[in-house]
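Take a look at the structure set out below.
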Amino acid sequence: GNSVTQMEGPVTLSEEAFLTINCTYTATGYPSLFWYVQYPGEGLQLLLKATKADDKGSNKGFEATYRKETTSFHLEKGSVQVSDSAVYFCALSVLPSGGYQKVTFGIGTKLQVIP
Amino acid sequence: DVKVTQSSRYLVKRTGEKVFLECVQDMDHENMFWYRQDPGLGLRLIYFSYDVKMKEKGDIPEGYSVSREKKERFSLILESASTNQTSMYLCASSFHRGLGEKLFFGSGTQLSVL
């Protein structure tokens, strides 16, 4: 079956530090890949996505590159801010024969950025 | 702006009660979803609906049912609540059913079953 692997954390960084959150996946077919972010007290919102190999998704200073050869979609940011403190979910979607997108989420990685 | 609204932020119920969680979206989306979110397990799909009066089981449908009488509203029903259904419940919607479609989430309902 399909699965997404990421560390749960928490990951604690000082402001302006470099961030990497690793994400690897297992999927049948050719998935689309996503990062969603959940700020405290809120639902998830899409941060970025990539739909084919070597695509780079980017938003708000965050980037992730779809690496088919290593089945990975690691999230990076060059300089984190306190306002980036949140839970980050890696996810994949596939289109089974039934025709409805099926999304599988990782367990979420909590990021804490301290001033 | 896009909006998915869940009727309650916090809910406390007793074991055996019938519980209704309501979700409304204002974007004319075809697809609606119910997930539960638990620490260490991430999000798990309970049910989804791709059209009015249509529903499909997700990965963990046991103990739950759903209703979609109108396009904008998707209800999750716990027929007889149990303590292992204490969780954060998230509703989501998407415009189309195709690959790569973005999901829009509500803020969640934290349900405690005592």
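Please read all numbers here as calculations on a predicted model, not as lab measurements. Order of the sequence lines fixes the chain letters, A, B, ..., with proteins taken first and strands second; residue numbering starts at 1 for each chain.
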For Glu16(A), look at atom CD and say whether over 12 heavy atoms of other residues, nucleotides or ligands are found less than 6.0 Å away.
no
Heavy atoms from other residues, nucleotides or ligands near NZ of Lys71(B) exceed 12 (cutoff 6.0 Å)
yes
Under 4.5 Å from a heavy atom of chain A, the part of Asp38(B) involved:
neither
Between [X] and chain B, with a heavy-atom cut-off of 4.5 Å, which part of the residue counts as in contact: side chain, backbone, both or neither?
{"X": "Glu8(A)", "value": "side chain"}
{"X": "Gln38(A)", "value": "side chain"}
{"X": "Phe34(A)", "value": "side chain"}
{"X": "Val103(A)", "value": "both"}

Are [X] and [Y] connected, step by step, through hydrophobic side chains (Ile, Leu, Val, Met, Phe, Trp, Tyr) whose heavy atoms are closer than 4.5 Å?
{"X": "Val80(A)", "Y": "Leu48(A)", "value": "yes"}
{"X": "Leu33(A)", "Y": "Leu75(A)", "value": "yes"}
{"X": "Leu47(A)", "Y": "Leu111(A)", "value": "yes"}
{"X": "Trp35(A)", "Y": "Met7(A)", "value": "yes"}
{"X": "Met88(B)", "Y": "Trp34(B)", "value": "no"}

Does the side chain of Leu43(B) come within less than 4.5 Å of Leu44(A)'s, by heavy atoms?
yes
Pairwise side-chain contact, Tyr36(A) with Leu103(B), heavy-atom cut-off 4.5 Å (strictly under):
yes
Against chain A, work out which of Gly40(B), Ser94(B), Gly108(B) has the most heavy-atom pairs shorter than 4.5 Å and name it.
Gly40(B)
Top of Arg9(B), Gln110(B), Arg44(B), Gln6(B) for chain A proximity - count of heavy-atom pairs under 4.5 angstrom:
Arg9(B)
Minimum heavy-atom separation for Leu41(B) to Ile107(A), with atom names?
C-CG2, 4.0 Å
Residues forming a ring-ring contact (aromatic ring centres under 6.0 Å, His included) with Phe89(A), sequence neighbours excluded:
none
Identify which of Thr51(A), Leu46(A), Thr104(A), Leu92(A) forms the greatest number of heavy-atom pairs closer than 4.5 Å to chain B.
Leu46(A)
Rounded distance (nearest 0.5 Å) linking atom CD of Gln45(A) with atom NZ of Lys102(B)
8.0 Å
